[in-house]
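For the numbers below, each heavy atom of this structure counts, side chains included, while hydrogens, waters and symmetry mates do not.
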Amino acid sequence: MGLLAPRDPVTLDRSFFARPALVVAPELLGCRIVHAGVTVRLTEVEAYAGEGADPGSHAFRGRTPRTEVMFGEAGHLYVYFSYGMHWCANAVCGDEGVAQAVLLRAGEVVAGHEVAAVRRAGVPERDWARGPARLTSTLAIDRAHDGIDVCGGGPVRFEPPTEPVEPACVRTGPRVGVSGPGGDGTAYPYRFWIEGERTVSAYRPGVIRRRTR
DNA sequence: CATCCGATTTCCT
DNA sequence: GGAAATCGGATGG
């Protein structure tokens, strides 16, 4: 398997997710997430390392009621509420007790166009899942799915790519919208995307916040 | 493309 | 009590 060969097919079982988020993240590119009649092929994700290791992570300062699922078993969804009106979804990674996750940032609808068109009425198709909150909106994922197991035959599931993603097309760079120390992203180039995809969200630097203590 | 601001939870002070 | 937030839609240039 040379550097330019397509990746081996992946099996999206629990052991797939029970690895470091930085390993899982690029392998999720091209995979599909299925829920409520719509299938999205992932084109952009972001890794979040664990407690104490990643100032951008919600789990940086340790366990809270909100972040509890991130510390739990891999292969569950961590869904959080953002800016008073949006929901964003992560796949929990790593060993139990290790709070790592991969944020599902963007993708393209590859099945269920009719359902998505109703759910996202008035929105151009390109934008249906172009952004983490748009993605969950199109898939009808919200608070009810926080903590849900995606490896156990439940309503939300992942599927491997139908066409392999060329590793040469995988790019990495600064995360989007992450504030706090390292918020410029350069210290944490944990975003991964597929080069040339129209659904990759526009880069917006995080607000660089002053030290809060 | 840039800027503006909404509407609400979470967690720190 | 209040700042900050893994954002997105609207509007203006």
Side-chain angles (χ1 to χ4, degrees), chain A residues 17 20-22 24-26 28-29 33 40 42-71 76-94 99-109 116-117 119-147 172-193 198-213:
Chain A
F17 293 101
L22 278 165
V24 173
L28 274 177
L29 293 174
I33 176 169
V40 168
L42 296 171
T43 58
E44 181 186 3
V45 298
E46 279 177 4
Y48 284 83
E51 177 181 15
D54 179 357
S57 171
H58 289 165
F60 181 59
R61 294 169 189 271
R63 290 181 186 251
T64 67
R66 179 177 61 157
T67 61
E68 193 58 32
V69 305
M70 263 201 283
F71 286 85
H76 292 246
L77 238 42
Y78 164 53
V79 180
Y80 71 91
F81 189 59
S82 172
Y83 289 93
M85 58 192 99
H86 310 297
W87 298 98
C88 299
N90 296 247
V92 174
C93 297
Q100 299 201 345
V102 175
L103 172 65
L104 311 177
R105 278 206 61 88
E108 59 169 333
V109 173
R119 207 170 273 159
R120 305 288 280 130
V123 176
E125 179 169 342
R126 183 209 189 191
D127 291 336
W128 282 352
R130 187 186 187 221
R134 293 165 169 175
L135 182 146
T136 56
S137 175
T138 293
L139 286 166
I141 289 172
D142 60 25
R143 179 177 202 84
H145 306 276
D146 186 32
T172 185
R175 292 185 295 205
V176 173
V178 175
S179 29
D184 62 354
T186 53
Y188 301 89
Y190 292 174
R191 183 165 65 114
F192 300 87
W193 67 94
R198 299 180 354 276
T199 51
V200 173
S201 50
Y203 175 65
R204 275 192 283 185
V207 176
I208 299 178
R209 136 167 70 83
R210 238 182 273 278
R211 285 177 55 86
T212 54
R213 48 175 213 183

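Across A:Leu104, A:Ile33, A:Val109, a single residue satisfies side-chain contact (heavy atoms from CB on, under 4.5 Å) together with A:Leu139, and that is A:Ile33.
Rounded to a whole Å, the OH atom of A:Tyr78 is 15 Å from the P atom of B:dT9. When the C1' atom of B:dC11 is taken as reference, atom CD of A:Glu68 falls 15 Å away, rounded to whole Å. The distance between atom NE2 of A:His86 and atom C1' of C:dC7, rounded to the nearest whole Å, is 4 Å. Rounded to whole Å, the distance from CZ on A:Arg105 to C1' on C:dG8 is 11 Å. One can place CE of A:Met85 at 8 Å from C1' of B:dC5, the figure rounded to the nearest angstrom. Between A:Arg61 atom CZ and C:dA4 atom P the separation is 12 Å, expressed in whole Å. In this structure, A:Leu104 places its CG atom 13 Å from P of C:dC7, rounding to the nearest Å. Rounded to a whole Å, the CE atom of A:Met70 is 13 Å from the P atom of B:dT10.
Of the listed nucleotides (C:dG9, B:dT9, B:dC11), C:dG9 has the atom at the smallest distance from the side chain of A:Arg134. Among B:dC11, C:dC7, B:dT9, the nucleotide with an atom closest to any side-chain atom of A:Phe81 is B:dT9. The listed nucleotides are C:dG8, B:dG6, B:dC11; the one nearest the side chain of A:Thr67 is B:dC11. Ranking C:dC7, B:dT8, B:dC11 by closeness to the A:Arg66 side chain, first place goes to B:dC11. Distance from the side chain of A:Arg143 is smallest to B:dT10 among B:dT10, B:dC11, C:dG8. Residue A:Tyr80 has its side chain nearest to C:dC7 when only C:dG9, C:dC7, B:dA7 are considered. Considering only side-chain atoms of A:Tyr83, the nucleotide from B:dC11, B:dG6, B:dT10 that sits closest is B:dG6.
Under 4.0 Å is where a charged nitrogen must lie from a carboxylate oxygen, and between A:Arg130 and A:Asp127 at least one such pair does.
Within 4.0 Å of A:Asp127, counting heavy atoms only, lies no atom of the nucleic acid at all. Within 4.0 Å (heavy atoms only), A:Arg130 reaches no atom of the nucleic acid at all. Looking at heavy-atom distances under 4.0 Å, A:Gly56 makes contact with a base.
Put simply, the side chain of A:Glu108 never gets that close to the backbone of A:Thr199: no donor and acceptor are under 3.5 Å apart. In this structure a side-chain-to-backbone donor-acceptor pair under 3.5 Å is missing from A:Thr67 to A:Ala59. Under a 3.5 Å cut-off, the side chain of A:Arg126 and the backbone N or O of A:Arg198 do form a donor-acceptor pair.
Figure legend: A:Arg175 and A:Tyr48 shown as a cation-pi pair, the cationic atom lying under 6.0 angstrom from the six-membered ring centre and within 45 degrees of its axis.
For CZ of A:Arg63, the number of neighbouring non-hydrogen atoms (other residues, nucleotides, ligands) closer than 6.0 Å is greater than 12.
Under the 6.0 Å cut-off for aromatic ring centres, A:Phe81 and A:Trp87 qualify, their centroids lying closer than that.
Here A:Ser82 does not reach the OP1 or OP2 of C:dA5: none of its side-chain N or O atoms lies under 4.0 Å away. Residue A:Arg63 has no polar side-chain atom (N or O) positioned under 4.0 Å from OP1 or OP2 of B:dT10.
Base pairing in DNA chain B gives the following stems of 3 or more Watson-Crick or G-U pairs, range against range and under 3.5 Å: B:1-6 with C:7-12, B:8-12 with C:1-5.
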